[in-house]
Amino acid sequence: IRTTVVLVMAWLMVFMKGKQHEVREIEKKELLFIGLSGIATGASWLCYFKALQLGDVNKVAPIDKSSTVLTMLLAFILLGEPLGVYKVISMVLIAIGTYLMLNIQKSTTEVKGYKWLVLAVMSAVFASLTAILGKVGIEGIDSTLGTAIRTVVVLIMAWMIVFVTGKKNTLKHIDRHSMLFLILSGISTGASWLCYYRALKTGQAGVVVPIDKLSIIVTIAFSYIVLKEKLSAKSWLGLILITAGTLLLLV
C-alpha cells in the first residue's frame, strides 16, 4: 500500500519536471540495472519487515544499517570510488558501533531462535546491492525518472508477494487510522527516495549511503520513546560511534 503511494508521488514528480518523454531514450543496460535495483529493494524490505516481526526494532535496525560498510566496500571494488584514510576509519567506527549495538539488554518481547538475525543480515545485503545497482542505473538518466521506474518494479514485487501469501483479503480489515499512517509513510518514503537517488547520481555511493543511514538515530529514538525498547550503555556507545563514523565522511 505504501509503495503505491510512493509510485504516485514519484510519477507526479516526473510529469512536473516534464521527463516522461525520456523513457523511450533509456538504454537497455540502464533499464536492467534500475530493475535489478528495484528487485533488491523489494527483497530488502521483505526481509527487514519480517525480521521486525520476529525481533526487537533496536536489534534489527543496527544490523540492517550495517549495509553501510558493505556498500562502501562494494563502491570501492565495483565502482572504483576512492577509499582514503578517513573513509577507512569511518568504516571501522561504523562497524564497531554496529557490533556494540547488538549487545542490547533483554528483549522487551520474547524472541525465539535466530531467524530474525538471518533476515536482518539478508536485508543489509540486499540494501547494499540496491545502492550499487541504482548508482549504475541512473548515471545516464534523470534521477527522478529512475526512481519512478524502479518503484514500479518494487510495487509489482510487493503485490506479487501479497497475492502469493494470500493476504489480499486482509485489505478490507485495515482501519482508517492505519491507512492514514501508511499513506504518510509512503509520502515520507517517496520524498526520501527522490532525494536519495538525486544524491546518488551526483555524489559517491560510499558517502551518500552512510549519511542516509543516519536515519538510525531517529529509528532508535522512536523505539526508545514510543515502543519502550531500552538500550544498554554499550548500545548508546555504539550509536555514538556510528554517528561519528558517518560524520567523519564529511571531512
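What's counted below: heavy atoms across the whole structure, side chains too, no hydrogens, waters or symmetry copies. Each residue takes its place number in the sequence, starting with 1.
Taking the ring axis of Trp193 as reference, the NZ or CZ atom of Arg150 stays within 45° of it and closer than 6.0 Å to the ring centre.
Within 6.0 Å of NZ in Lys29 there are 12 or fewer heavy atoms belonging to other residues, nucleotides or ligands. Other residues, nucleotides and ligands place no more than 12 heavy atoms under 6.0 Å from the CD atom of Glu27. Shown here is Phe49, whose CZ atom has more than 12 heavy atoms of other residues, nucleotides or ligands within 6.0 Å. Applying the 6.0 Å contact sphere to NE2 of His173 captures more than 12 heavy atoms from other residues, nucleotides or ligands.
Without hydrogens or angle criteria, Ser37 side chain to Thr130 main chain gives a donor-acceptor distance under 3.5 Å. Side-chain atoms of Thr147 come within 3.5 Å of backbone atoms of Ser143 as a donor-acceptor pair (strictly under, hydrogens ignored). Not one N or O on the side chain of Ser128 forms a donor-acceptor pair closer than 3.5 Å with the backbone of Leu70. Between the side chain of Ser188 and the backbone N or O of Leu184 there is at least one donor-acceptor pair closer than 3.5 Å. The main-chain N or O of Ala40 is never found under 3.5 Å from a side-chain atom of Ser44 such that the two would form a donor-acceptor pair.
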Run the side-chain contact (heavy atoms from CB on, under 4.5 Å) check on Tyr197 and Leu200 step by step: do they pass?
CA-CA 5 Å; Tyr197 282 94; Leu200 263 185; 3.8 Å; yes
Stepwise, does the side-chain contact (heavy atoms from CB on, under 4.5 Å) test hold for Thr144 with Lys19?
CA-CA 8 Å; Thr144 303; Lys19 299 293 184 179; 5.8 Å; no
Would you please test Val152 and Trp11 for side-chain contact (heavy atoms from CB on, under 4.5 Å) and show each step?
CA-CA 10 Å; Val152 173; Trp11 280 103; 3.6 Å; yes
Pair Arg2, Thr189 - check side-chain hydrogen bond (donor to acceptor under 3.5 Å, both in side chains), show working.
CA-CA 8 Å; Arg2 63 193 290 272; Thr189 301; 2.5 Å; yes
What verdict does the side-chain contact (heavy atoms from CB on, under 4.5 Å) test give for Leu54 and Leu119, after you've listed the backbone C-alpha separation in whole Å, the side-chain angles of each residue and the deciding distance to 0.1 Å?
CA-CA 9 Å; Leu54 302 175; Leu119 288 166; 3.9 Å; yes
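Side chain to side chain, Lys115 and Gln53 fail the donor-acceptor criterion of an N or O pair below 3.5 Å.
Lys201 and Ile141 make their closest contact through NZ-O, 2.8 Å (heavy atoms, listed as atom of the first residue, atom of the second, distance). For Val14 against Ala148, the heavy-atom pair with the smallest separation is CG2-CB, 3.6 Å. The shortest heavy-atom contact between Met72 and Ser90 is CE-OG, 4.2 Å. Ala51 and Trp116 get closest at one heavy-atom pair: CB-O, 3.6 Å. Closest of all the heavy-atom pairs between Gly140 and Glu30 is CA-OE2, 3.2 Å. Shortest non-hydrogen contact noted between Pro82 and Lys87 is O-NZ, 3.2 Å.
A distance of 10.5 Å separates NZ in Lys168 from NZ in Lys172, rounded to the nearest 0.5 Å. Taken from NZ in Lys135 to CZ in Phe33, the straight-line distance is 13.5 Å, to the nearest 0.5 Å. Once rounded to the nearest 0.5 Å, the distance linking NZ of Lys50 with CG of Leu52 reads 11.0 Å. In this structure, CD1 in Ile63 is found 13.5 Å from CE in Met122, a value given to the nearest 0.5 Å. Atoms CG and CD1, from Leu171 and Ile1 in turn, are 5.0 Å apart once rounded to the nearest 0.5 Å. Note: Ile183 CD1 to Ile187 CD1 = 7.0 Å, rounded to the nearest 0.5 Å.
Screening Leu247, Leu241, Ile240 for a side chain to side chain contact (heavy atoms under 4.5 Å, CB included) with Thr243, the sole residue that qualifies is Leu247.
By the side-chain hydrogen bond (donor to acceptor under 3.5 Å, both in side chains) test, Ser178 pairs with Asp175, sequence neighbours left out.
The cluster map of Ile, Leu, Val, Met, Phe, Trp and Tyr, joined by side-chain heavy atoms under 4.5 Å apart, puts Phe181 and Ile225 in different clusters. Val23 and Leu12 fall into different hydrophobic clusters, where Ile, Leu, Val, Met, Phe, Trp and Tyr side chains are chained together by heavy-atom contacts under 4.5 Å. No path of Ile, Leu, Val, Met, Phe, Trp and Tyr side chains, each step under 4.5 Å between heavy atoms, connects Val8 with Leu145, placing them in separate hydrophobic clusters. Under a hydrophobic clustering in which Ile, Leu, Val, Met, Phe, Trp and Tyr are joined whenever their side-chain heavy atoms come within less than 4.5 Å, directly or via other members, Leu32 and Leu79 fall into the same cluster. Leu83 and Ile77 end up in the same hydrophobic cluster when Ile, Leu, Val, Met, Phe, Trp and Tyr side chains are linked at under 4.5 Å.
Two residues are said to be in side-chain contact when any heavy atoms from C-beta on lie closer than 4.5 Å; Thr170 and Ile174 fail this criterion. With a 4.5 Å cut-off on side-chain heavy atoms, Leu73 and Met91 count as touching. Leu133 has its side chain out of reach of Ile39: every pair of non-hydrogen atoms, C-beta onward, lies at least 4.5 Å apart. Proximity of Phe76 to Glu81: side-chain heavy atoms (C-beta onward) are nowhere separated by under 4.5 Å. In this structure, Leu180 and His177 have side chains that are not in contact, with every pair of non-hydrogen atoms separated by 4.5 Å or more. Leu129 is not listed as a side-chain neighbour of Thr41, based on a closest heavy-atom distance of 4.5 Å or more. Residues Thr4 and Leu155 are in side-chain contact: their nearest non-hydrogen atoms beyond the backbone lie under 4.5 Å apart.
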